[in-house]
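What you see below is based on every heavy atom in this structure, not just the backbone, and it leaves out hydrogens, waters and symmetry mates. Quantities reported herein were computed from a predicted structural model and do not represent experimental measurements. Each chain gets a letter, A, B and so on, in the order its sequence line appears, and its residues count up from 1.
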Protein chains: 4
Amino acid sequence: MSGRLCYFQAMRSENSPSGRKRASFIEEARRAQIIESAIDTFAELGYANTSLARVAERAGISKSVISYHFAGKTELTEQIVEQVYSDIAQFVLPRTEKEATSTRALRANIRAVAEYMRGHRTQLLALGEIFNNSRTAEGKRRFGVAYSEPVYEAREALFRSGQQAGEFRREFDPRVMSVAVQSAIDGMFAYWVTYPDHDLEAHADDLADLFEHATRTGHPRGEADR
Amino acid sequence: MSGRLCYFQAMRSENSPSGRKRASFIEEARRAQIIESAIDTFAELGYANTSLARVAERAGISKSVISYHFAGKTELTEQIVEQVYSDIAQFVLPRTEKEATSTRALRANIRAVAEYMRGHRTQLLALGEIFNNSRTAEGKRRFGVAYSEPVYEAREALFRSGQQAGEFRREFDPRVMSVAVQSAIDGMFAYWVTYPDHDLEAHADDLADLFEHATRTGHPRGEADR
Amino acid sequence: MSGRLCYFQAMRSENSPSGRKRASFIEEARRAQIIESAIDTFAELGYANTSLARVAERAGISKSVISYHFAGKTELTEQIVEQVYSDIAQFVLPRTEKEATSTRALRANIRAVAEYMRGHRTQLLALGEIFNNSRTAEGKRRFGVAYSEPVYEAREALFRSGQQAGEFRREFDPRVMSVAVQSAIDGMFAYWVTYPDHDLEAHADDLADLFEHATRTGHPRGEADR
Amino acid sequence: MSGRLCYFQAMRSENSPSGRKRASFIEEARRAQIIESAIDTFAELGYANTSLARVAERAGISKSVISYHFAGKTELTEQIVEQVYSDIAQFVLPRTEKEATSTRALRANIRAVAEYMRGHRTQLLALGEIFNNSRTAEGKRRFGVAYSEPVYEAREALFRSGQQAGEFRREFDPRVMSVAVQSAIDGMFAYWVTYPDHDLEAHADDLADLFEHATRTGHPRGEADR
DNA sequence: TATGAATGAGGATTCATTCAT
DNA sequence: CATGAATGAATCCTCATTCAT
């Protein structure tokens, strides 16, 4: 997930066909098959070892079928990102937004993401590979800042409103806290991937506690020291 | 830094020549030059776009010089990891260990890492690229669990002793907290890389506060709810 | 135009349907549309960069429409040549043949071609691309000698009759002069294509003068020298 | 030769190594071998059918040897152009410049080119293929105007000085005459390529006569008519 | 008539590595 | 110690063509 998971933003485009022309049933099926195959390959072999040839091989189709359905490797990866994004957003957002307080929303959000992870390990692994590695010809990251900002801003808003409501202490920077939450979630995922028997749910709850303690009003002893 | 930053472990090997035969002065100079050039290339272009040809070009030497001094791309990356590791450990560990309480040690640790980051951005970027991408021929991660465990164990020990000393609340899983800290640090680095004007020191202090609140004894209101 | 422009020969086939079976209206419309699109593509992108895909794209139709209406790329290019040829002949021949003397006929011919050029730049560019580049599978030129000879023969006849009539000096080889005229016309076209503001009409008149001087009776001073 | 043969300009760079770093003997030998093989392939199969694979095959070497010695297909073609140019210039220029009068210089020039042709058919065929077809990624001709102008200018100067000296009639546009001469030479080459038994020397002499008549002072009968 | 889908062959290029010098 | 030369495998991509619908 790579610290740049942006399910908030993705919400917007989930229902629009994003500029693509109407596609036939068989077209969509093939595209889905290829995307799935690509996701599996990215997840298993890593970005650098994922070639279109290997994706085709896994899908049991000819290399050029991919070229026929996608303009190139770039479009394929973009489609993967788009799809995974809207998928996450559709799952996480409703579960987050129904909560009344900021504290509860934060906990619900962390839990929802963890729940999603369990069912979409491969998808998220692939997304991470793409985010970390996809670059333009000039060497710049293809999925850069633009993809991170909306998530940070959404969480920032959550923390800010919690601070204004008096739920959260005012000393922390909402942006920093936002980055920390995202990082902790990413870290949880990476840890679970490494140790598949790890209890994801318990981890998520611990994380929720952690950030509840970290954000709630009250002064830690150490704060005066520095 | 990729969530698998293992400066604790590296400590062990920092003084031992790690199995390499004694090398001449010129040999070492060349190796250092190549490693530096490779680090720069990994950091700037990313793992997939870093070829030995590009490393050689940047170093102003012939491709085969690299082949002469390193068994292959694999050995080169291993050497980079080894070097960066011992470098980090040498900086961070003393600053962490001199603290008396667990709370202070945690804060010192976070601060030390942040301080190190500022002076070694490129190094750490390269390390991250390698960790995230270097794979064996079969597709398995080359720098996997073995490299992460020691860090987690070291931090776990820190939290456990803090809990036993009554400094930290007992409800959290030391391993989870350990993973969270590491993730937050990694996230801080990634954020700073994206926004170079970001105040790293302030971020580190916020992080220290965050985990102080998260670990100190005391019950958040929400904890009863779940 | 490529030095092999054969409007004389084409005359013959302009009214015969050249072996094609009677086609429906819609069939002819499609073929015309595709040919036009192909001409534009050849002219703009050059032979090597003109693929059926690009032609189809420009025409706003599917690739396979082309395959349906033409046996292959080869037939398409042949059709283009055939069409452009009969088009040129229809324009140039009447304007040439109505002249009484060889001298006037030559001038009229050059002028007519230049006039045609102005209105059919793209057509002629495409023709040149095809002539210069279309080859059989074995690498032989597809539009070779057979397409050049009739032009040379026609012009040769013009020069020969001029010589017999005493209009032209007898020292030059009619075939060489014929080739030179064709080359000069081709060169005029190429020059105008490069410099679109070039005065085509003035160029044509200069060319007519040039060949009038070159062919009329009388001995240049230098001729004795060699 | 494609109407863009620029041996005048090439003169300038014939002795300078044109920015390439000093190359070893074996390097130069390989490059020469590859260039020769490429020239043969271009000449025989045409531009579109000349792939690096075929060039390598003809040279009896591996494809990647070409990639090793040349940055790409583009550099290879550029090197061919550069070499053929300087070769032509070295042959034609001295033979042209030693003549005292413009009339004689023109004749000498035409003869020299024809003489060169006989010994370098393949070279010139390849050059023509490249000139007519090599394009940039955007579809623009790679060897465009810049390569034609110097030739035209040089010949233009010759005609102009002949006009000022009273050798040539003043009515013709030196630029048009210059283009015509170049076209006639190109046409002669193309004709000879098609009919290898054609008498090149006689053709050249006829051409020299032709342009002597065309340029010398005196008024053709027809000129008043238009 | 028309076309969406598929495909194998071939295109240029990059790569890590080997080897002789 | 250094490197120029070479190479085969693998990269993505484009192509003309075929076929079932």
Side-chain angles (χ1 to χ4, degrees), chain A residues 21 23-31 48-56 61-76 137, chain B residues 23-27 29-30 48-56 61-76 137, chain C residues 23-27 29-31 48-56 61-76 137, chain D residues 21 23-31 48-57 61-76 137:
Chain A
K21 67 176 200 294
S24 71
F25 170 74
I26 185 161
E27 159 91 7
E28 267 325 313
R30 264 279 188 260
R31 288 178 68 94
N49 297 324
T50 296
S51 67
L52 294 188
R54 258 197 264 257
V55 172
I61 57 178
S62 153
K63 255 190 309 176
S64 33
V65 180
I66 299 181
S67 291
Y68 176 75
H69 289 281
F70 296 89
K73 200 183 186 181
T74 300
E75 200 208 311
L76 177 54
Chain B
S24 73
F25 169 73
I26 189 161
E27 161 87 10
R30 264 280 190 257
N49 297 324
T50 295
S51 67
L52 294 188
R54 261 197 261 258
V55 173
I61 58 178
S62 153
K63 256 189 308 178
S64 30
V65 181
I66 299 179
S67 293
Y68 180 77
H69 289 282
F70 297 90
K73 201 183 185 182
T74 301
E75 201 209 315
L76 175 56
Chain C
S24 73
F25 169 74
I26 188 161
E27 160 88 8
R30 265 279 190 256
R31 289 178 66 94
N49 297 324
T50 295
S51 66
L52 295 188
R54 262 196 261 257
V55 172
I61 58 178
S62 151
K63 255 188 309 178
S64 29
V65 182
I66 299 180
S67 294
Y68 180 76
H69 288 282
F70 297 90
K73 201 185 185 183
T74 300
E75 201 208 316
L76 176 55
Chain D
K21 68 176 199 294
S24 71
F25 169 73
I26 186 160
E27 159 89 9
E28 266 325 313
R30 262 280 187 261
R31 287 178 70 96
N49 297 323
T50 295
S51 67
L52 293 188
R54 256 197 265 258
V55 172
E57 189 190 22
I61 57 179
S62 154
K63 254 191 311 176
S64 33
V65 180
I66 298 181
S67 291
Y68 177 74
H69 290 281
F70 296 90
K73 201 184 185 181
T74 300
E75 200 208 311
L76 176 55

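DNA chain F forms stems at E:2-21 with F:2-21, each a run of 3 or more consecutive Watson-Crick or G-U wobble pairs whose two key distances fall under 3.5 Å.
With sequence neighbours excluded, the residues satisfying side chain to side chain donor-acceptor pair (under 3.5 Å) with B:Ser62 are B:Ser64. B:Ala53 is linked by a side chain to side chain contact (heavy atoms under 4.5 Å, CB included) to B:Ser51, B:Lys63, counting only residues two or more places apart in sequence or in another chain. Scanning for side chain to side chain donor-acceptor pair (under 3.5 Å) contacts around C:Ser67 gives an empty result, with sequence neighbours left out. Every residue meeting the side chain to side chain donor-acceptor pair (under 3.5 Å) condition with B:Arg30, not counting sequence neighbours, appears here in chain and number order: B:Gln33.
Residue-to-nucleotide proximity on DNA chain F shows that, of B:Ile26 and A:Thr50, the 5′-proximal contact is made by B:Ile26. If C:Ser62 and B:Ala53 are placed on DNA chain E by their nearest nucleotide, the residue sitting closer to the 5' end is C:Ser62. Heavy-atom nearest nucleotides on DNA chain E were determined for C:Arg30 and for A:Phe25, and the one closer to the 5' end corresponds to C:Arg30.
A sub-4.0 Å separation between OP1 or OP2 of F:dC15 and a side-chain N or O of C:Arg54 is present. OP1 and OP2 of F:dC1 both lie 4.0 Å or more from every side-chain N or O belonging to B:Tyr68.
Using a 4.0 Å heavy-atom distance criterion, A:Ile61 is classed as making no nucleic acid contact.
Note that CD1 of A:Ile66 and CD of A:Glu75 are 12.0 Å apart. Values are rounded to the nearest 0.5 Å.
Here the nucleotide nearest the side chain of D:His69, chosen from F:dC1, F:dA5, E:dA5, is F:dA5.
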When you compare the protein's N or O atoms with those of nucleotides 17-21 of chain E, which come within less than 3.5 Å of each other, and at what distance?
unit_1: E:dT17; atom_1: OP2; unit_2: B:Lys73; atom_2: N; d: 3.1

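Considering every non-hydrogen atom in both D:Arg31 and D:His69, the closest pair reads NH1-O, 2.8 Å. Pairing each heavy atom of D:Lys73 with each of D:Leu52, the nearest pair is CG-CD2, 4.1 Å.
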